[in-house]
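Report on the following structure.
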Amino acid sequence: MGEAVRVRYAPSPTGDPHVGNIRSALFNWLLARRLGGKFIVRIEDTDQARKMEGSVQVILDSLRWLGIDWDEGPDVGGEFGPYIQSDRVESYSVAANRLVESDNAYYCYCPSERLVMIRESQKKQNRPTGYDGRCRNLSALERAEEVKSNPTPVVRFKMPLTGKTTFNDVIRGDVTWENRLLDDFVLLKSDGYPTYHLASVVDDNAMEISHVLRADEWLPSTPRHVLLYEAFGWNPPIFAHLPLILGSDRSKLSKRHGSVSIMDYKDQGYLPEAMLNFLSLLGWSLDDKTTEMDINTVIENFSLERIGASPAVFDLEKLSWLNGVYLRNLSADVVAEKSFELLDRDLGVDVSRPLDWAYVVKVCSVIQDRARIFSEIPHLASFFFSENYSYPVILIWAGMGDKSIKKLIETSEDPRALSLPEDRDSVSHSLAAASGALSKIDDWNHDTLEATLRNLVQELGTSNRRLFGAMRVVLTGRTEAPPLFSTMEILGQKIFLGRL
RNA sequence: GGCGCGUUCGUCUAGCGGCCUAGGACACCGCCCUCUCAAGGCGGAGAUCACGGGUUCAAAUCCCGUACGCGCUACCA
């Protein structure tokens, strides 16, 4: 076997790949790119029942979205193909037969009902579960008899009854299992398909995989794999079992925890760069202080030695923050490009389509600093597009900085019914004055607007906070929005005066 | 039940015997900036390094035990 680093991502097409799964793909890819090796995608579709149509496509799309490219795989081929296990079934039965012939495996005719039964009784007696080995030593004659009642036997591995199996895991060190605690697991199922154990060992060997990086949940089955390599007379690869990714309740991340499919994050408007950065930091670190880094920096510094052993909780808060960091670094053009479709989809029906590209860019330039993820943008920007907003009049006073009113509105069931502060007249007077002054402006831009309004504040003897705050609410229907003058400039004189 | 792995601020982590009265980041709190919100700057709170024993002049770091958590325990991967 060569020195070359060859790693693989071997997903099962049973649904959309989730973040834990993709993190495994990422670490494999990082190792390959760091060491100048090959990254291989292999589809493990040996479970005919759970196989899902279209899943392979989503898996590949997920990788593409993140920019994880592969050197060999189902679509691009390669010298060790095919890369879909259902296209390699022949090789597994050949391998299984080899083990039967070398007395490392045997046919088992036990019906599944019997298997369930022995498992139940083992459980009831608080004994370890596992196949009892009934068919382990059948004579040729007995087998001929059994085959009559079950013509489609499975092939089981003949597990050594004594001794220990030790292997080294790069992340966990030496791990040892007692062979007698391992049962005669199935290699070949009755439908002729291999189990994961057989297929992955046969393929990893055939594809000359040098390192197997996979999730920690596989650690308990690794001794079986090691024993398989031994039985075949093959050299096992280097193993590294990655720490699990957990949900907020500290159990293995799954659908119960909400969005786990990587494509969900794409749809919600997370950036692949941010996702990559975040996922890299789940179980790996560059040093004691670096959090924000591009993927090339990760590649240049990636090493198995810096992967931790303890599981990591997937913290959506931190992902969102990181995404905001990347979002703010984008140019307004790019933000507009990436949010155009979302705006088109989520803005109200009253907004006329198609959206004006130049206008969207301008809006994005002031919104992007206020969003963490793209899906927030339509809401944050809606008042730029729609007149169709309303607010309780009293919100104007809240916008002017009266915190007690703000609190009152938040706790009130019907803010519209709240009585207005007494200086209502002076506020409407101020707004009218602003309207008057602004209608005379010929040169409608940020700076002249600012000069005019700051002057007006002086004339009226009010404060920036009060005047600008009142205008903000009238203009946007909210107390929180981008800076007033930029907002006004973007909206334009006509629309602006209309709202005033 | 059995087996395995894990255990440093709420969360992600740094730490691989003295630099640690434990560093960074998210979240949280306060202040500054300021037309609001963000962003940014500054500061704060937050971890008796799960617990108990060893080893050592010296342990978060090495060893043993305990507890807890998680994973596996399928003709699923």
Side-chain angles (χ1 to χ4, degrees), chain A residues 10-12 14 44-47 49-50 108 110 112 115-116 119 122-131 152-156 169 171-172 175-178 181-183 185-191 193-197 199-200 215-223 241 243-244 246 248 250-252 278 281-292 305 308-322 324-325 328 366-372 380 398-401 450 453-454 457 463-473 476 478-485:
Chain A
S12 290
T14 53
E44 310 221 325
D45 59 342
T46 56
D47 186 342
R50 293 206 310 153
C108 170
C110 296
S112 53
L115 268 19
V116 171
R119 194 152 47 232
Q122 284 163 336
K123 266 186 186 157
K124 209 171 284 174
Q125 296 171 65
N126 266 339
R127 288 186 14 237
T129 53
Y131 182 60
T152 56
V154 301
V155 176
R156 286 184 183 273
D169 182 281
I171 295 167
R172 283 150 225 286
V175 184
T176 301
W177 252 268
E178 298 228 26
L181 297 169
L182 270 18
D183 76 339
F185 61 98
V186 172
L187 296 170
L188 214 55
K189 299 183 262 189
S190 55
D191 64 0
Y193 280 87
T195 58
Y196 169 86
H197 306 298
S200 73
D216 193 34
E217 60 196 287
W218 291 109
L219 192 66
S221 51
T222 306
H241 287 90
L244 246 29
L246 274 24
S248 46
R250 306 206 69 93
S251 68
K252 194 166 80 166
F278 179 74
L281 257 14
L282 245 37
W284 177 85
S285 61
L286 195 162
D287 56 24
D288 59 338
K289 51 195 52 160
T290 312
T291 303
E292 299 161 33
E305 286 69 43
S310 45
V313 173
F314 187 86
D315 183 6
L316 194 57
E317 268 307 318
K318 192 161 183 174
L319 204 214
S320 299
W321 162 77
L322 233 198
V325 170
R328 286 192 292 277
V366 296
I367 291 297
Q368 71 177 117
D369 288 350
R370 290 164 178 76
R372 297 199 303 173
L380 289 172
M400 288 160 64
E450 175 160 13
L453 286 174
R454 285 192 189 276
V457 168
S463 66
N464 290 345
R465 180 189 291 273
R466 289 174 63 80
L467 206 228
F468 299 167
M471 291 179 68
R472 167 174 300 107
V473 172
T476 66
R478 343 180 158 174
T479 54
E480 296 117 41
L484 225 212
F485 312 123

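Below, chain A is the first sequence line, B the second, and so on; all start at residue 1.
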Inset, instruction - Give one of base, sugar-phosphate or nothing for A:F485, where a contact means two heavy atoms less than 4.0 Å apart. - result: base

Inset, instruction - Calculate the interatomic distance between A:R372 atom CZ and B:A38 atom C1'; express it in whole Å. - result: 11 Å

Legend entry - Sugar-phosphate only, base, or nothing, as touched by A:W218 at under 4.0 Å among non-hydrogen atoms: base

Legend entry - Inter-nucleotide P distance (B:A77, B:C72), Å rounded: 14 Å

Inset, instruction - Among B:C70, B:C35, B:C5, find the nucleotide with the atom closest to the side chain of A:S251. - result: B:C70

Legend entry - From A:T476 atom OG1 to A:M471 atom CE, the distance as rounded to the nearest 0.5 Å: 11.0 Å

Legend entry - Shortest side-chain distance from A:L244, nucleotide among B:U11, B:C37, B:C70: B:C70

Inset, instruction - Look at all strands and tell whether A:P243 reaches a base, only sugar-phosphate, or nothing, counting heavy atoms closer than 4.0 Å. - result: nothing

Inset, instruction - Classify the ring geometry between A:F314 and A:F278 as parallel (under 30°), tilted (30 to 60°) or perpendicular (over 60°). - result: perpendicular

Legend entry - Whole angstrom value for the distance that separates C1' of B:U73 from CG of A:N126: 13 Å

Inset, instruction - Ignoring backbone atoms, test whether A:R127 places a side-chain nitrogen or oxygen under 4.0 Å from the OP1 or OP2 oxygen of B:G2. - result: no

Inset, instruction - Scan A:R328 against the nucleic acid and name what it touches under 4.0 Å (heavy atoms): base, sugar-phosphate only, or nothing. - result: sugar-phosphate

Legend entry - Nucleotide forming a Watson-Crick or wobble pair with B:G1, both distances under 3.5 Å: B:U73

Inset, instruction - Between B:A77, B:C12, B:G1, spot the one nearest the side chain of A:K189, thanks. - result: B:A77

Inset, instruction - Could you check whether A:P483 gets within reach of a base, just the sugar-phosphate, or nothing at all, counting any heavy atom under 4.0 Å? - result: base

Inset, instruction - May I ask you to verify if any side-chain N or O of A:T129 is less than 4.0 angstrom from the OP1 or OP2 atom of B:A74? - result: yes

Legend entry - Integer angstrom distance from the C1' of B:A47 to that of B:U11: 13 Å

Inset, instruction - Determine the contact category for A:G283: base if any of its heavy atoms lies under 4.0 Å from a base atom, sugar-phosphate if only primed atoms, P, OP1 or OP2 are that close, otherwise nothing. - result: sugar-phosphate

Legend entry - Nearest-Å distance once atom P is located in both B:U21 and B:C5: 33 Å

Inset, instruction - Determine which nucleotide pairs with B:C33, using a 3.5 Å limit on both distances of a Watson-Crick or G-U wobble pair. - result: none

Legend entry - Min side-chain heavy-atom separation A:T479-A:V473 under 4.5 Å: yes

Inset, instruction - Give A:L282 one of three labels, base, sugar-phosphate or nothing, depending on what nucleic acid heavy atoms sit under 4.0 Å from its own. - result: sugar-phosphate

Inset, instruction - Round to the nearest Å and state the distance from A:M400 atom CE to B:U34 atom C1'. - result: 18 Å

Legend entry - Among B:G4, B:C26, B:A25, the one nearest A:V175 by side-chain distance: B:G4

Legend entry - B:A39 OP1/OP2 closer than 4.0 Å to side-chain N/O of A:R370: no

Inset, instruction - Indicate whether OP1 or OP2 belonging to B:A77 is found under 4.0 Å from a side-chain N or O atom of A:S200. - result: no

Legend entry - B:A14 OP1/OP2 closer than 4.0 Å to side-chain N/O of A:S285: yes

Inset, instruction - Using both distances under 3.5 Å as the test, list the Watson-Crick or G-U wobble partner of B:C51, or none. - result: B:G65

Inset, instruction - Mind calculating the distance between CG (A:L182) and P (B:A74) to the nearest angstrom? - result: 12 Å

Inset, instruction - Identify whether any heavy atom of A:L484 sits under 4.0 Å from a base atom; if not, whether one sits that close to sugar-phosphate; answer base, sugar-phosphate or nothing. - result: base

Legend entry - Nucleotide opposite B:C57 in a Watson-Crick or G-U pair, distances under 3.5 Å: B:G18

Inset, instruction - With heavy atoms under 4.0 Å as the rule, sort A:R250 into base, sugar-phosphate or nothing. - result: sugar-phosphate

Inset, instruction - For A:I171 and for A:V325, locate the closest nucleotide of RNA chain B by heavy-atom distance; then report the residue assigned to the nucleotide nearer the 5' terminus. - result: A:I171

Inset, instruction - Using both distances under 3.5 Å as the test, list the Watson-Crick or G-U wobble partner of B:G10, or none. - result: B:C26

Inset, instruction - Test for a donor-acceptor pair under 3.5 Å between the base of B:A27 and the side chain of A:K318, counting only N and O atoms. - result: no

Inset, instruction - Spell out yes or no: do the side chain of A:R172 and the base of B:C5 have one donor N/O and one acceptor N/O closer than 3.5 Å? - result: no

Inset, instruction - Let me know the distance between NZ of A:K289 and P of B:A14, rounded to the nearest Å. - result: 14 Å

Legend entry - Side-chain N,O (A:T195) to OP1/OP2 (B:C75) below 4.0 Å: no

Legend entry - Partner nucleotide, any strand, of B:G46 [Watson-Crick/G-U, under 3.5 Å]: none

